[in-house]
Amino acid sequence: MCFQQKMIHSLFLINCSGDIFLEKHWKSVVSQSVCDYFFEAQEKAIDVENVPPVISTPHHYLISIYRDKIFFVSVIQTEVPPLFVIEFLHRVADTFQDYFGECSETAIKDNVVIVYELLEEMLDNGFPLATESNILKELIKPPTILRSVVNSITGSSNVGDTLPTGQLSNIPWRRAGVKYTNNEAYFDVIEEIDAIIDKSGSTVFAEIQGVIDSCIKLSGMPDLSLSFMNPRLLDDVSFHPCIRFKRWESERVLSFIPPDGNFRLISYRVSSQNLVAIPVYVKHMISFKENSSSGRFDVTIGPKQNMGKTVEGVVMTVHMPKAVLNMNLTATQGSYTFDPVTKVLTWDVGKITPQKLPNLKGMVNLQSGAPKPEENPSLNIQFKIQQLAISGLKVNRLDMYGEKYKPFKGVKYITKAGKFQVRT
Amino acid sequence: MAASPAYGEEKGGSSSLGEPEYGHDPASGGIFSSDYKRHDDLKEMLDSNKDSLKLEAMKRIVAMIARGKNASDLFPAVVKNVACKNIEVKKLVYVYLVRYAEEQQDLALLSISTFQRGLKDPNQLIRASALRVLSSIRVPIIVPIMMLAIKEAASDMSPYVRKTAAHAIPKLYSLDSDQKDQLIEVIEKLLADKTTLVAGSVVMAFEEVCPERIDLIHKNYRKLCNLLIDVEEWGQVVIINMLTRYARTQFLSPNQNESLLEESTEKAFYGSEEEDAKDAKAEAASMAKRKPYVMDPDHRLLLRNTKPLLQSRNAAVVMAVAQLYFHLAPKAEVGVIAKALVRLLRSHSEVQYVVLQNVATMSIKRRGMFEPYLKSFYIRSTDPTQIKILKLEVLTNLANETNISTILREFQTYIRSMDKDFVAATIQAIGRCATNIGKVRDTCLNGLVQLLSNRDELVVAESVVVIKKLLQMQPAQHSEIIKHMAKLTDNIQVPMARASILWLIGEYCEHVPKIAPDVLRKMAKSFTNEEDIVKLQVINLAAKLYLTNSKQSKLLTQYVLNLAKYDQNYDIRDRARFIRQLIVPTEKSGALNKYAKKLFLAQKPAPILESSFKDRDHFQLGSLSHLLNAKAVGYQELPDWPDEAPDPSVRNVEVPEWTKCTSREKRKEKVEKPFYSDSEGESGPTESADSEPESVSEESSSSSSSSNSSSGSEEEEEEEEEGSGEQSEDKEEEEKRPKRKEKESSQKAAPGSVGSPSEEEEEEEEGAKKAKKKPPQGRKGRAETSSEEASASESSSSGSDSGSEAEAKRRKAPPSNRAGPKEISLLDLDDFTPAPPQPIPSSSVVSTSLVTDLEGLTLTDTSLAPTLLSPAFGAVRTYELLHRMAGEGLSVEYCFSRRPFPGDPHMVAVQIQISNNTDAEVKNLRVSEPKPLSGMRIQEFPEIEHLAPGDTASVVMGIDFCDSTQAANFQLCTHTRHFYVSIQPPVGELMAPVFMSENEFKKEQDHLTRLGEGKLTGMSEITEKLTLPEKCQSDHTIVQQVTSAANVGRVPCGADNEYRFAAKTVTSGSLVLITLEQREGAAAQLTVNSEKMVIGTMLVKDIIQALVQ
């Protein structure tokens, strides 16, 4: 007998309190007790983020991901590229998200049969089979309130009775026979600024990461090409499989037959040579007094290089040192909360108006007797700027071939803070 | 458990909408309601007629499975629904089956026929799903069925079904590795497939079944490279990993000229050093020595075609390409992967974790590659600790003289982090930078010394440990630091740090002659309270001081050693004893004493601080083994480059530019349009897939002709042509084509001594339309393989394989094939002279003609009834029905009398012998409450009024087993007791012998095979090889063994090395034909033809067992 079996053997879904609430085996059954090794590692790691994604046990390897308060723990028996499994597990979580609107324990438990059907289709013998959402949705219809009512009355099912054609065509990401009365194509150019700003306010590191998310509702088999005014800005690009790589290489045009619905067309990085404009600055004064169990906290946020647009949705989160007991602050704008358990200070600022800069100021109470915190906490900032791609990327035009109707087209730009951190 | 009833309630609640009476919540009985009862409820629902109820029940069952609860006792109830019309019920039943079939193998067999039917469905998706489920049922007995189904599906016209076949291969392999050789044949065939859909899956199968058969890749190498970009992402990963290994065995190292000067050339490439000129010279010198390296174009092809995939959205694909470049590309080109890998650092933290591990390994060897992205590895306070530590590792690897100041500044911020594990790691990283870069050693050391006054003890302790290592490099200059550290012993409590300080003082006690004895004094005072590692170092310090400065420390040392002598830890007691002997001179102490000082105060090499990722690159990057830094199960070593390149011509295939669509292919495409257009017609690459199967079909015709062995010379020619046909270039092949056709047709004419006018007709047709020629060819191959099983000496499997290929080809041919019947009759005449020519329906009309065929069969059945043979009464086996102990003195045995059961010919007669071993009379012996499974019927024996003590009664009962080996369960009652008993028939008893002549046998066999052919080739035939033991080689024993194993009748046979038997199943009257062919020596081959696949399979097993034992 040969036990050489590859790829994903079993999957366990585990919630934060350590209950295994779903298991699926693609080969022979692996006992739940294998998860004990995982629990052991989890205990050792203290917090969930630090559970090693790959755990070696005497007979198996466990590869896990943590998504939306759920651990997806897969059981592997032999050599397999770990990223293969990790990427697949994330794809499973994405699919749940797509189907149920959220990837939570409740959603999974409520739709356990659909979950099972999905898992059955996504893997065959532990090897990925259908992972494209367009195909899966043809095989297994996502639940809607209306459908569940109809199903319970008529006894009909969620399983598509027409079998998917996408698997069989060489455009596996698009389902066939798409029909819309209103044909629309929307593109969201979303750019995120990753930055580390040091104590003195100078930029240690900054770069722009962007994505183009699309929502395409076009009938038939449209063939689109999207061109940019300044494609050279895009330094490193990763593509949805639908994009014709050769066209991009030669003409810098995105040419593709899109999947139906929402999907991420490309993600890109703007070349690091370009100086990144940092739209906000932070003035901070955080100090802890020696031997007096108190400290001062004073932070002001102001706009900078924002190209005439308003910075909005500003939120600041700070992980305060453990010794901090409480904070007594006053905000000139927005509201703040401090969680004394996790020591997280959140300041929801909202919009920044240059006339009156938002400021948060007050006293910090420390545990009496505890030594003064060694380090000042770093400030994590979130913000949003509508109608602006900070890199200056601009879509030139969108053309459609292959279909006769005239679609409605739209492009939206937005800039956000990514991992934006100010060291103090 | 608490959550599950609530969940069940919810499910139950929703069902109440549809059907109130069943909507009763199964869990409402409370915690005490037994599982048994609850399942009864489900069983009832499954047995109902309403699909909605079935669906509800299945949903609840699946929910149970999902929670890991045992639902195995529902198996019989669930398996009945396998043929349910409702597609969702069916799907859920499949889910259930795959989960539990392994545990309930016998019952699972009941479902097999449904899948077999599915395998013949006209809808490709149903064929595929049937194969998927069939191959997922891990029941060893269906291995031959799976094998046949896979072979069949591998030549299916739908690429989707072929993909499923590829998926099924590893499943079968893990079930029965003996099938390897046959599976490799299928893999070889599928590797030649040119659709992107199949490529990934078949390479997966290849990797799992026969990764060592690298030779199978040669011919497909270029095709795989070219298809790669269009393969789905998961397949890409597998193919890239496989091609990495392949390239390592087939090409030369692109860096061979530089391998000698690895380090220096690397610097030259990235130009960070001023040694460039020198390097260039050295390089030139080495270049001159060797012949210039030219990269194999195939090697270049691989690199070129994988590069775009660095842009994939799938992290696994990017990583796969990155490792390919790292292992295969010339150094100058490896740099391209850095950008893509850095991009992955924006992904999920698990992805970051894996990528950083790989970057850490790469950055040791190819530092320059990641230098431009240094800042991307800067650490944020929000990163998880495990990510921080990996980034730190990378930053340390990237540090060099130019960027060290930036990196150290960055490290300074890290040291103030709240995450203490991370701080400790940073201090170690600083230590490593200090050892690697001489320029900053003093700066680092000063920085670390400053940390010694840090408030956090952990930071101090870690610093001490690192400083200790640094000081070992140049102790003389640092007595100040040692003094400073000596003072720390008063405060610092971390054992490792204390131990490190003590070691330092001991080692360099000559540099601090005044402080050292004082430290020892303090330590002696607190000795008993110290941790073990500290105690050991105290002893160590004492010993060293004793040797250098015995005047001051003699007493102290004695004191410490005495304390240690009575320590609780045996290591410490041991050490104390050992050291005392060594340093304190006594008369007993030997020569070692003299050398004590040398032993203790020898110059010790400074520890090398190096990355834990060093040398990890001997594992293939991106692999699990690399991540774990240990060989994982099933890991394939990445081979070293060969010294001499293997012959590159092995990769030559007939079409140099495979995408080119030749005129012939265009023509063919026209012919086959209706079959391919729906699936493959649109893509350029896939169209050319046609050329391969064609040559295969020719191959098959040649192989069948060779088995015919009518003319040796022709056979040779044919084979030669076959070889050249595959290898020669396309144009050439096209030229040859007409010639070959001629040959083929003449060859076909040769064995047929029965010359026929249609011969010429055929030839004419061939000249005109290629497509029309296929059916006769295919059919011929088929007919021959089945009938000539006996003489197909090479291997029956390959024969039937090629036959099935041809079969598939035939199906592809246009259904409007007029020439078919005529030619067929001709060919049939060739093969079986005695058989009457029979019009054979072409595939499109098979379903209608099948009915008539079947009708014919049943008609003959009734007419055959009188000719049923009376069974050969050999050794009749008796089985126990009720043991004397269990039956409280009543023992019951049964045997299969092999007589037709009077009154119902569809029943198997079971003779039952009841003995009364008690000393009382047993009354009213009867059968009651038979619980037959669906369709099974039991004819009870007449009640036995009484059975006297010591008496034995013999009765006959009839059971209609429905041609299955499921046990018949019933109760045996006496006037006082009920006994539950069951009769399970051996498969051989489910049939009754029939008499037929040799010709009839051949005809029926042929008929059966052809019947199968219409639906699914070979599904009605099972062949197995065996070795006959010595005692079982005579005619008599063979016949006896076979007839004892199964109730069959012998059919006369002309050949003396062949045995034939025939029977038909009792219930449905399906024919079962058995052929046993003896080969030279003890080898033999057993073939069973039967429509009932399960019966056939089991029968083969039983007969072989009977013969071998």
Side-chain angles (χ1 to χ4, degrees), chain A residues 2 4-6 20 22-23 28 32 49-50 52-54 56 61 65 77-84 86-87 90 109 112-113 116-117 120 124-125 127-128 152 155 157-159 161 163 167-168 170 172 196 204-205 209 236-241 245 269 321 371 374-375 378 380 419 421 423, chain B residues 14 17-18 51-52 59 62-63 66 68 87-88 91 95 102 125 132 138 160 167 170-171 174 177 204 208 234 237 308 311-316 319 339 343 346 348 350-351 353-354 375 378 380-382 384-386 413 416-418 455 622-625 627-628 632-635 679 682-683:
Chain A
C2 173
Q4 193 183 6
Q5 290 183 320
K6 291 220 176 175
I20 302 171
L22 188 115
E23 63 179 71
S28 45
Q32 284 196 351
E49 281 178 322
N50 278 316
V54 181
S56 177
Y61 305 100
I65 64 160
Q77 275 197 331
T78 53
E79 171 63 48
V80 60
L83 269 185
F84 187 100
I86 289 169
E87 185 78 23
H90 276 294
K109 277 183 167 175
V112 71
V113 173
Y116 235 65
E117 285 168 344
E120 190 74 29
D124 182 15
N125 196 36
F127 189 75
S152 63
S157 67
N158 287 321
V159 173
D161 37 8
L163 293 144
Q167 276 286 45
L168 306 169
N170 43 358
I196 301 176
V204 176
F205 165 78
Q209 304 272 356
D236 179 32
V237 193
S238 79
F239 299 116
H240 188 275
F245 182 74
R269 187 173 58 202
E374 194 68 26
E375 180 201 38
S378 23
N380 297 297
K419 296 173 178 170
Q421 199 162 76
R423 291 177 179 164
Chain B
S14 71
L17 270 173
D51 277 355
S52 58
K59 281 186 172 173
V62 168
I87 205 160
E88 188 165 17
K91 270 200 165 171
V95 170
E102 208 171 7
L125 286 151
R132 230 184 109 188
R138 291 169 296 273
Y160 185 62
H167 277 264
K171 299 189 214 171
S174 65
S177 52
M204 180 70 218
E208 210 151 314
W234 311 109
V237 178
Q311 242 98 36
S312 170
R313 64 170 170 172
N314 188 318
M319 190 68 234
K339 201 189 266 182
R343 186 182 69 232
R346 281 274 297 180
H348 303 283
E350 297 87 6
V351 175
Y353 178 79
V354 177
K375 288 187 173 176
Y378 279 9
R380 287 159 218 276
S381 59
T382 40
T385 310
Q386 52 185 355
T413 25
R416 285 186 291 129
S417 164
M418 285 180 268
R455 206 185 313 254
S623 67
L624 184 61
S625 305
L627 189 79
L628 299 168
V633 182
Y635 172 71
S679 52
E682 285 168 354
S683 73

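The sequence lines fix the lettering, A, B, ..., with proteins before strands; numbering per chain opens at 1.
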Next item on the list: Please name the pair of heavy atoms, one in B:Ala315 and one in A:Leu83, separated by the smallest distance, quoted to 0.1 Å.
Entry: O-CD1, 3.6 Å
Margin query: Any side-chain to backbone donor/acceptor pair from A:Glu79 onto B:Ala632? Under 3.5 Å, distance only.
Written below: no
Checklist line | Carboxylate-amine/guanidinium proximity below 4.0 Å for B:Arg343 and A:Asp236 | finding: yes
Margin query: To the closest 0.5 Å, what do you measure between CD (A:Glu120) and NZ (B:Lys91)?
Written below: 9.0 Å
Next item on the list: Hey, could you give me the OG/CE distance between A:Ser378 and B:Met418, rounded to the nearest 0.5 Å?
Entry: 6.5 Å
Note to self: Rounded to the nearest 0.5 Å, what separates atom CG in A:Asn125 from atom CE in B:Met204?
What the structure shows: 8.0 Å
Check: Do any N or O atoms from the side chain of B:Gln311 and from the backbone of A:Val237 form a donor-acceptor pair under 3.5 angstrom?
Finding: yes
Next item on the list: Provide the closest heavy-atom pair for B:Arg313 versus A:Pro241 in the form atom of the first, atom of the second, distance.
Entry: NE-CD, 3.3 Å
Next item on the list: Answer with side chain, backbone, both or neither: which region of A:Phe84 has an atom nearer than 4.5 Å to a non-hydrogen atom of chain B?
Entry: both
Next item on the list: Test side-chain contact (heavy atoms from CB on, under 4.5 Å) on B:Leu628 and A:Tyr61 and set out the steps.
Entry: CA-CA 10 Å; B:Leu628 299 168; A:Tyr61 305 100; 3.5 Å; yes
Item checked: Partners passing side chain to side chain contact (heavy atoms under 4.5 Å, CB included) against A:Gln209 (at least two apart in sequence or in another chain) -> A:Asp194, A:Glu207, A:Arg269, B:Arg346
Next item on the list: Would you check, one step at a time, whether the test side-chain contact (heavy atoms from CB on, under 4.5 Å) holds for A:Ile65 with B:His348?
Entry: CA-CA 9 Å; A:Ile65 64 160; B:His348 303 283; over 6 Å; no
Next item on the list: Provide the closest heavy-atom pair for B:Leu627 versus A:Val54 in the form atom of the first, atom of the second, distance.
Entry: CD2-CG2, 2.9 Å
Check: If you look at every heavy atom in A:Thr78 and B:Leu624, which pair is closest and at what distance?
Finding: O-CD2, 3.9 Å
Item checked: Separation between NZ of B:Lys171 and CZ of A:Phe127, rounded to the nearest 0.5 Å -> 12.5 Å
Notebook entry, point to check: What closest approach, in Å, do B:Val633 and A:Gln77 show between heavy atoms, and which atom pair accounts for it?
Noted result: CB-O, 3.7 Å
